[in-house]
Structure formats: structure tokens, C-alpha cells
Undergrad: 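Would you mind keeping the following structure in view while I ask a few things?
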2 protein chains.
Amino acid sequence: MTRDSRLEELYTAARMYYGDERTMESIAGELRVSRSTVSRMLRDARDAELVTISLRPPEAQRVEELARRISRLYGVQVHVVPSAPGDDQRERLRSVTEAGGALLDEMLEPGTTLGIAWGTTMAALLGTVRSRPVPGLRIVQLNGAINTEGSGLTYIATVLAGAATRWDATVHQFPVPAFFDFPATREAMWRERSVQRVLATQREATVAVFSVGAFDAEVPSHVYTHNYLTREDLSSLRSDGAVGDVCTVFLRADGTYRDIALNQRGSGTAPDRLLRIPRRLLVASGSRKALPLRAALRAGVATDVVVDEITATSLLSLR
Amino acid sequence: MTRDSRLEELYTAARMYYGDERTMESIAGELRVSRSTVSRMLRDARDAELVTISLRPPEAQRVEELARRISRLYGVQVHVVPSAPGDDQRERLRSVTEAGGALLDEMLEPGTTLGIAWGTTMAALLGTVRSRPVPGLRIVQLNGAINTEGSGLTYIATVLAGAATRWDATVHQFPVPAFFDFPATREAMWRERSVQRVLATQREATVAVFSVGAFDAEVPSHVYTHNYLTREDLSSLRSDGAVGDVCTVFLRADGTYRDIALNQRGSGTAPDRLLRIPRRLLVASGSRKALPLRAALRAGVATDVVVDEITATSLLSLR
DNA sequence: AAGTGCGGTGCACGAACGTGCAAGACTGGT
DNA sequence: ACCAGTCTTGCACGTTCGTGCACCGCACTT
């Protein structure tokens with residue numbers, strides 16, 4: 001008796017027992033052996049891992065159901081991270097960025113150019129990356145991060161550099177303000193070769209990762225707290241109907257953004273340019289982000305989305 | 001009692017029973033219910049699919065073991081298709097192309113540019129694609145297919161068009177000979193704008209799919225049977241030590257190809273250009289293909305490989 | 001040819017399990 | 001407050017299952 005044909009027999013017995021839910025007695029009759037032999041065959045089949053019994057926690061089902069519905073509505077791949085009832089917003093952000101980081105890690109292959117839009121969520125996400133060299137990985141910032149007081153650059157540079165070290169990647173920083181004071185400056189800068197070089201690298205990105213900002217998120221977005229915007233800016237945004245931002249480009253609830261005044265002065269990568277990046281991962285946590293998240297999805301900026309369960313529920317309950 | 005908390009209880013019981021292999025009696029004691037209740041809880045847990053019992057045919061294991069070994073040796077993702085002992089070569093080709101087609105389908109996302117190298121295997125593979133529109137999908141031929149008598153184009157065009165229809169894709173044909181008679185003609189043509197355009201599209205490919213040709217495969221490769229090569233060509237190849245081809249570019253057993261004379265006249269995409277395509281799927285069936293397959297893997301042309309079990313075994317038994 | 005060790009098999013018994021049944025708990029209506 | 005209907009639980013019984021033990025056949029040794 002070869003090893004293989006024995007496995008075949010074990011498999012047959014296992015199929016009759018677990019698959020067809022027959023009794024050992026009846027299987028024994030058919031195979032012309034004693035019932036105890038069948039009992040032993042089944043044990044061996046389990047040991048040989050011909051039969052695997054897997055447990056799936058109930059949250060997996062809730063979460064898959066949510067993911068399916070969002071996926072159907074907006075045509076994106078969705079990963080919903082389960083959140084225990086007790087979890088506060090910080091804990092949910094942690095688990096979402098962890099899941100997002102793992103997913104991002106899967107997307108990186110040798111030679112990838114990765115675009116990153118700066119923000120609170122991304123800082124947390126980059127903190128989760130484990131050490132794994134990705135040959136030829138380039139990281140390029142998708143938006144400027146300098147604000148009106150001091151640069152804010154050091155913090156960003158530190159976090160980016162940390163991740164870059166663990167991936168063994170090169171970083172292409174984008175040393176411009178998040179928002180210029182005058183549209184003309186932006187236009188002028190965009191003609192500069194140093195900026196052109198970064199913009200070119202952005203165009204070569206094959207993977208992008210970013211979040212959405214909300215005006216009143218639980219964990220406030222960088223843009224709305226760190227002196228990036230004046231009071232006048234905020235009221236201008238409100239009157240333009242903006243609900244949040246992607247890559248520091250502001251969006252209305254319906255996903256439009258072109259005629260929002262402030263966008264003329266922002267340095268972020270707008271949806272039309274983002275859409276040229278093949279794989280675009282949006283990571284978001286916080287039910288307040290549901291509205292801008294929907295705007296982002298309507299603008300089609302993401303191919304993959306990672307959200308926590310509560311945010312997913314909020315998103316689906318928007319009317 | 002909410003629906004969710006009941007599921008939690010069911011899950012707890014299921015974990016204790018199937019996970020920790022405890023007896024219903026003991027679980028009943030801990031949960032302070034009767035044993036029969038536990039029995040019913042377990043039934044409900046199974047019904048709710050908190051517990052799934054899956055059967056894995058023994059061939060899955062053989063196949064995964066082979067895939068793991070090849071994967072480790074050549075650093076590619078491998079899918080080995082099991083073949084029943086009775087299967088002849090045609091049947092194996094069918095199952096491999098079917099699996100390859102399914103894998104390719106997963107790789108296609110909106111906006112993909114797909115490079116296809118023409119050949120017998122690809123014809124079979126394209127025949128398996130199911131109808132699923134992929135917005136913005138472009139298909140570009142990676143090698144010319146015209147031979148010395150008649151064009152051979154109609155057949156290719158038909159098969160390509162069939163797949164393109166089912167994907168709702170546009171086809172960019174490459175209307176040049178598989179092999180020019182004179183290297184100079186190739187150089188001249190390569191300067192033509194019409195050819196340049198196709199070459200540019202090839203460079204934009206994000207997914208490539210191709211097979212390997214072997215001099216003496218069971219199902220003979222197109223190139224060696226359809227008047228693509230003269231007797232002189234074949235003897236020249238032999239003296240250059242070629243063992244087969246990828247994309248109608250000939251390779252030696254060690255994966256080198258640059259100084260093989262005939263390659264100066266071929267229109268196929270050479271490994272160096274192929275390597276710039278992010279995702280490269282190699283589909284091959286037939287133990288005779290093992291040698292050129294190894295050459296292809298040594299040249300690093302594939303990121304993903306689909307082979308049948310027998311071919312995989314042959315590949316691993318090469319010394 | 002007899003001896004020896006070993007993997008596999010059936011028997012028999014006790015443990016583990018599924019399920020019909022009746023009693024109790026709960027719900028919603030009068 | 002009472003009742004009818006439904007759902008849940010525990011009990012009891014018959015079934016199904018795991019396993020220690022004795023036995024058998026085979027291979028290999030002496």
C-alpha cells in the first residue's frame with residue numbers, strides 16, 4: 001500500500017463522514033472494515049490535515065457583511081476591522097492603522113514607488129510597519145506639510161524616515177507648504193525644477209496610501225489643528241460646502257472639488273492625478289469621517305479601503 | 001438577549017469544544033447549563049458557520065508542497081495544478097490554462113494594460129476567460145506573429161478579439177513578423193512610428209502573460225511548427241545552445257539570451273524589457289517544457305507561475 | 001522451520017453524544 | 001390577571017463513538 005493511496009482511502013472515509021454526515025457504522029459497511037477501523041481512519045485523516053476544523057469568530061461575519069455592502073456600493077475592495085464595544089477612538093485608530101499597514105505591506109513589491117499623503121492617520125500607520133527590506137522602494141510625499149508657524153517638517157521627516165529605514169526605501173520629500181497664501185506662488189513653484197521632479201515621481205507612484213480629513217473628527221486631522229488654516233480659510237471652506245479632505249484637497253459631500261477656492265492654493269495631489277496611481281489605499285477611522293469618506297469614495301480616489309466597524313456602519317447609514 | 005451576544009456564547013462553546021477538544025459535559029459545567037444545551041449550542045454554532053469543517057483532498061497537499069519548493073528555489077509565486085494519473089497532455093494543458101486564466105482574471109483591474117505573448121498555450125488560456133468587463137483594459141501583443149507563409153494573423157486576431165470582447169478591452173496588435181529575415185529590417189521597423197507606438201504601449205503594460213516554448217514539447221509550440229523558422233534557423237539555435245523561448249526570444253538553459261544570433265531578428269519582448277512589467281504570469285504545461293521553464297525562471301521573467309503537477313515535478317528533478 | 005517484533009484489525013465496554021418529550025419560562029394579547 | 005402560543009431547558013433513553021486488549025498476518029531473523 002503506497003502512502004498516497006492510503007491518503008486517498010482516508011480522504012474517502014473523511015468525505016463520507018464529514019461531508020455526507022454519514023455514520024461510521026454505515027461507512028464501515030461500505031468499505032468492508034470494522035467500525036473501529038473507520039474511527040481510526042478518521043483520526044488519521046484529521047492528523048494528516050485532510051480535514052480541518054476552523055473556528056471563525058462571529059465578528060468576522062458582521063465585518064464581512066459590512067465590507068460586502070460597502071464594496072458593492074462604491075466598487076472598491078474593503079477591509080472592515082472589527083471593534084470591540086469597549087474600544088475608544090484611539091484604540092480603533094490603532095487597530096485600523098495596524099490592519100492598513102499590513103495590507104500596505106502586501107502591496108509593496110520590489111521597485112514600487114509609494115505615494116504617501118501626510119496626516120495623523122498616516123503617522124500612526126507608518127509606526128506599525130515592520131522591518132522588511134523592499135528593494136528599490138521609493139517613498140514620495142503627495143502633499144506639502146509646511147504650516148504657518150515653524151515647519152512641522154521635523155516630525156514628518158522623523159516618522160517617514162523611520163518607515164523608510166525599516167523598508168530600506170529612499171524618501172522623496174515635498175518641501176512646500178500644505179497651502180500657499182497666494183495661488184500665484186503655487187503656480188510659480190510648480191514651474192520650479194525641484195518641484196517638477198517631485199511631481200514627476202508622484203506620477204510614477206504605483207501605490208498610494210492616504211486617509212480622509214474631517215472638519216470635526218474625534219481625533220482631529222492635522223490640517224485643522226496645526227495652524228495650517230486661518231479662520232478665514234475655514235469659513236471659506238464652509239461656504240464652499242467642503243466636508244473634508246483627501247491629500248489636503250477639499251471635497252464636497254458629492255465628491256466634487258474643482259471649484260473649491262482653497263484648492264487653488266493647496267499642494268496636495270488632487271483626485272484626477274491620484275486616479276492615475278494603480279493601487280490606492282484609503283485608511284480611515286472615526287465615525288465623524290464617514291461623510292468625507294463617502295465623498296472620497298464618490299470621487300473614486302480609492303481602490304482599497306480599510307475602516308473600523310463603527311465607521312463602516314456610519315458610512316452605510318448615511319442617506 | 002441580543003443576537004450578537006448569543007453568537008458570542010455559541011462561539012465560546014465552539015472554541016472550548018473544537019478548539020480545546022473538551023467534552024460537552026465539562027463545558028456544560030463551566031457554562032452552567034445542561035450537557036444537552038451544549039450539544040444544541042454546538043449544532044447552532046455549526047449552522048451559523050462559526051465552525052467550518054473543510055475537507056482538503058490529498059492532492060492539494062502534494063501540490064502545495066511542490067509549489068513551496070519551486071517558490072523557494074526561484075523566488076516566484078507558484079500555483080501547481082493537480083493532475084490525475086490518467087490525464088493526458090491535452091487534459092493537463094486544459095486544466096493549467098483554466099487555472100492560469102482564473103489567476104489572470106484576478107490580476108486585471110480597471111485601467112490595466114495587459115501584455116500577451118502569442119503562443120499555443122495563450123490561445124487555450126484566452127479561450128477560458130469568462131465574460132467580465134474590465135473598464136479601460138488594454139491588451140497589447142508582446143511579439144509579432146506573422147510567419148513566412150500567409151499571416152497567421154487571422155487566427156490570432158480571432159482569439160484575441162474573443163477575449164477582448166468578453167473583457168470589453170481594446171486590442172493593440174503588433175503587426176510584424178515573429179522573426180525578420182534581416183536584423184536591419186527589424187532595426188528599421190523599430191524606428192517606425194507605428195511600431196514605436198506599440199512598443200510604447202508594451203512599456204506601459206502592468207500585467208504580462210506568456211508561456212515558454214520548448215523545442216520538443218508534447219504539444220508543439222507554434223514557433224517550431226508553423227513555418228516561423230527555417231531548418232537553418234533551427235540548427236543555428238541548436239549551436240547557440242538555446243533550449244526554448246519566452247515571447248519568441250530564445251534562452252539557454254542558464255537563462256542567458258543576449259548573444260543568441262536569432263534574437264537579433266525576433267520581434268518578441270526580451271527579458272530585460274519584460275522585467276519592467278510589474279506582474280508577469282507564466283503559464284506552462286508539459287514536462288518537456290521543464291528545461292526552458294527553468295531557463296525562464298533563471299532569467300527572472302516571471303513573478304507568478306502556473307504549472308501542472310507533472311511539469312512541476314520535472315522542473316524540480318532537473319539537475 | 002520456528003521465533004520475534006510490529007502494524008493493523010475486530011471485539012467489547014464505557015464514555016460521549018443526539019434527540020423526543022414534557023415541564024418551565026417568556027411574550028403578547030385579551 | 002389570565003391564557004394561549006412559542007421558545008428554551010433538562011431529563012432520559014437509545015445511538016454513536018473512542019480505545020484497551022487480544023488476535024492475526026506479515027516480514028525479517030536465527
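Note that the structure is predicted; figures quoted are calculated from it, not measured. Reminder, nothing fancy here: chain letters follow the sequence lines and each chain counts from 1.
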Undergrad: Just the rounded figure in Å: distance from P of dG10(C) to CD of Glu25(A).
TA: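 Spelled out: CD on Glu25(A) to P on dG10(C) is 12 Å.
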Undergrad: CG of Leu10(B) versus P of dT8(D): gap in Å, rounded?
TA: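 These atoms are roughly 11 Å apart.
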Undergrad: Can you find a side chain N or O atom of Tyr17(B) that sits less than 4.0 Å from OP1 or OP2 on dC17(C)?
TA: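 Yes, because at least one side-chain N or O of Tyr17(B) sits under 4.0 Å from OP1 or OP2 of dC17(C).
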Undergrad: Consider only side-chain N and O atoms of Ser287(A) and Thr311(A), and report whether a donor and an acceptor are under 3.5 Å apart.
TA: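 Looking only at side-chain atoms, Thr311(A) and Ser287(A) do not form any donor-acceptor pair under 3.5 Å.
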Undergrad: Do Tyr74(A) and Arg69(A) have side-chain atoms, one donor and one acceptor, less than 3.5 Å apart?
TA: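 No donor-acceptor contact under 3.5 Å links the two side chains.
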Undergrad: Whole angstrom is fine here: how far is it from CG in Asp44(A) over to C1' in dT9(C)?
TA: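 Checked: the CG to C1' distance equals 13 Å.
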Undergrad: CZ of Arg43(A) versus C1' of dG8(C): gap in Å, rounded?
TA: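 To the nearest whole Å, that distance equals 11 Å.
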Undergrad: Under 4.0 Å between a Lys/Arg side-chain N and an Asp/Glu carboxylate O for Asp20(B) and Arg15(B)?
TA: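 Not counted as a salt bridge, because no side-chain N and carboxylate O are separated by less than 4.0 Å.
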Undergrad: Under a 4.0 Å heavy-atom cut-off, which of residues 30-41 of chain A touch DNA chain D?
TA: Arg35(A), Ser36(A), Ser39(A), Arg40(A)
Undergrad: Is it the case that over 12 heavy atoms from other parts of the model lie below 6.0 angstrom from the CD atom of Glu49(A)?
TA: no
Undergrad: Starting from P on dT8(D), measure out to CD on Glu9(B) and report it in whole angstrom.
TA: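 These atoms are roughly 12 Å apart.
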Undergrad: Which whole-number value in Å describes the distance from Arg22(B) CZ to dA15(C) C1'?
TA: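 Atom-to-atom, Arg22(B) to dA15(C), this comes out as 17 Å.
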Undergrad: Hydrogens and angles aside, do Ser285(A) and Gln89(A) bring a side-chain donor and acceptor to less than 3.5 Å of each other?
TA: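 Present: a donor and an acceptor within the cut-off.
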Undergrad: If you measure only the distance, is there a donor-acceptor pair under 3.5 Å linking the side chains of Thr37(B) and Ser34(B)?
TA: yes
Undergrad: In whole angstrom, give the distance that lies between atom CG of Leu42(A) and atom P of dC17(C).
TA: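 So the two atoms are 16 Å apart, to the nearest Å.
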Undergrad: Return the value, rounded to whole Å, for the distance between atom CD1 of Ile27(A) and atom C1' of dG10(C).
TA: 18 Å
